[in-house]
Amino acid sequence: MFQPSNHPQDASSSVLMQVDPKESVVVKDEMQNGVYPQAQTIINNSKKLQDDLHVLGMKIKHHEDNIKLLKSHKYKLDDSILDLQVTLGKYHSSTQPNTENDAHSSNPSEEETTKQILRHEKSAAGILCQLKMHHDTQTSHLSLTKDVLGVVATLGKVDDDNLSRLFSEYLGVETMLAIVCKTYEGVKALETYDKDGQINKGSGFHAVGASIGKELDGRFLVICLENLRPYCGEFMVDDPQRRLDLLKPKLPNGECPPGFIGFAVNMINVEFTNLFLLTGSGHGLRETLFYNLFSHVQVYKTREDMAFSLPCISDGAISLDGGMIKGAGVFSLGNRNDVDVRFPKSSVTSTLPDNYIDTNKHLKEMKWKRETMLEDIKREQALLDTARQSFERKKEEFVKFLAQSSAYATRTGFTPR
């Protein structure tokens, strides 16, 4: 039973409590429509701003994905361009002028290399060459050398005299004169010792040297292929020289360094018979001997190119104009040291290779594609920057809107959803 109040305010406030529940909802809606005329506008604006931010976010992701895809294609193009440049670089490297030691500018043939070794007549390499030259067939000598492949200087060739001098200087004369054996048994046959650990001069190379009047002088290096840690990666596809498919250097920005020609280990030409099955594991000279001698030594056109590429040089580098880095942080300065034992030069014709023109044309086409791709990346980056700026402006607008809505809600008790 309704009891009227003596206080008018209490009476008016009690009306909603005493009416039918259905009527109460209607009254509340009418009150809301009257008291909160901006509520629906706030909800609509909030939804629109969120939708706008979502659309801009999707645009940003779209442009980021496009740039990622374009850069992936560009990196593949960079690798292909670099491979072609390495192929052409072998020809161009031979055109580099020799400004130092012009008196020694003749191209060393295999015969010349042998003569250079023979000048070190009291070395193990010199004695070995003498045995081969005189076709010594003594049983003792044959058993001594049957496991010997040869001298480092005779086991590889290069495309020009400049590379020959640079690679020989990088390795040094002691390494160039090193004897290369297939197995450790072959190494043991070259030198034996008595019970006190002293060298037995009556056996091995010491005895051979004495028999031809050339007593061995000092130490000599012997490299055992089966004890070297071979390269375990992939080889270049369809390459008859089985060059190593080494990961090309990249600057911090992902670009290949300017002036990079290739890796020294891949610029050594190996006789076909020495490319396979020289060790029990089936490895050849490139992935054993020359990989251990040169590792990832990089070759550049100029000292300037090499210096610019320092961030991606870990195992040393050589430039065609005489620059040399022996290893990470180890720089070889001063004039060239003209090593008197050098790699022989490969037999080449005086004309350009048959595929030179096609390779050069293909290289130009790929460079054009790369330039076009760079323009596409630049355009996508501009669109991405614009989308990000629009997103930031819209986000600021949304934050401002939320602040205003919060202030309105505080005054009216309305909470926008």
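No experiment lies behind these values; they were computed from the predicted model shown.
Salt-bridge formation is detected for the pair Asp79/Lys250: a Lys NZ or Arg NE/NH1/NH2 atom is positioned less than 4.0 Å from an Asp or Glu carboxylate oxygen. Taking a cutoff of 4.0 Å between a charged side-chain nitrogen and a carboxylate oxygen, Glu397 and Lys394 qualify as a salt bridge. With respect to Glu185 and Lys188, a salt bridge is recorded, a charged nitrogen being found less than 4.0 Å from a carboxylate O.
Taking both residues in full, the closest heavy atoms of Asp159 and Lys345 are given as O-CE, 3.3 Å, listed atom of the first, atom of the second, then distance. Closest approach of Gly322 and Leu166 over heavy atoms only: CA-CD2, 4.0 Å. When all heavy atoms are compared, the tightest approach of Ser123 to Ile117 is OG-O, 4.5 Å. Closest approach of Ile212 and Gln130 over heavy atoms only: CD1-OE1, 3.8 Å. Heavy atoms only, all atoms of each residue included: Gln50 and Phe398 are closest at CG-CZ, 3.7 Å. Of all heavy-atom pairs spanning Ser309 and Asp305, the tightest one is OG-O, 2.8 Å.
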Salt bridge (Lys or Arg N to Asp or Glu O under 4.0 Å) between Lys48 and Asp51, worked out: CA-CA 5 Å; Lys48 183 179 184 303; Asp51 289 343; over 6 Å; no

Let's go through Tyr291 and His296 carefully: what are the C-alpha distance in whole Å and the side-chain angles of both, what is the deciding distance for ring-ring contact (aromatic ring centres under 6.0 Å, His included) to 0.1 Å, and is it a yes or a no? CA-CA 8 Å; Tyr291 180 67; His296 291 71; 5.8 Å; yes

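Listed by first and then second residue, the side chain to side chain donor-acceptor pair (under 3.5 Å) pairs involving residues 230-240 are Asp239-Arg243 (not counting sequence neighbours).
The neighbour count for Glu174 CD, taken as heavy atoms of other residues, nucleotides or ligands under 6.0 Å away, does not exceed 12.
The residue from Glu365, Glu375, Glu255 that alone fulfils the salt bridge (charged side-chain N to carboxylate O under 4.0 Å, His left out) condition with Arg370 is Glu255.
Remark: Lys157 pairs with Glu110, Glu271 by the side chain to side chain donor-acceptor pair (under 3.5 Å) rule, at least two apart or across chains.
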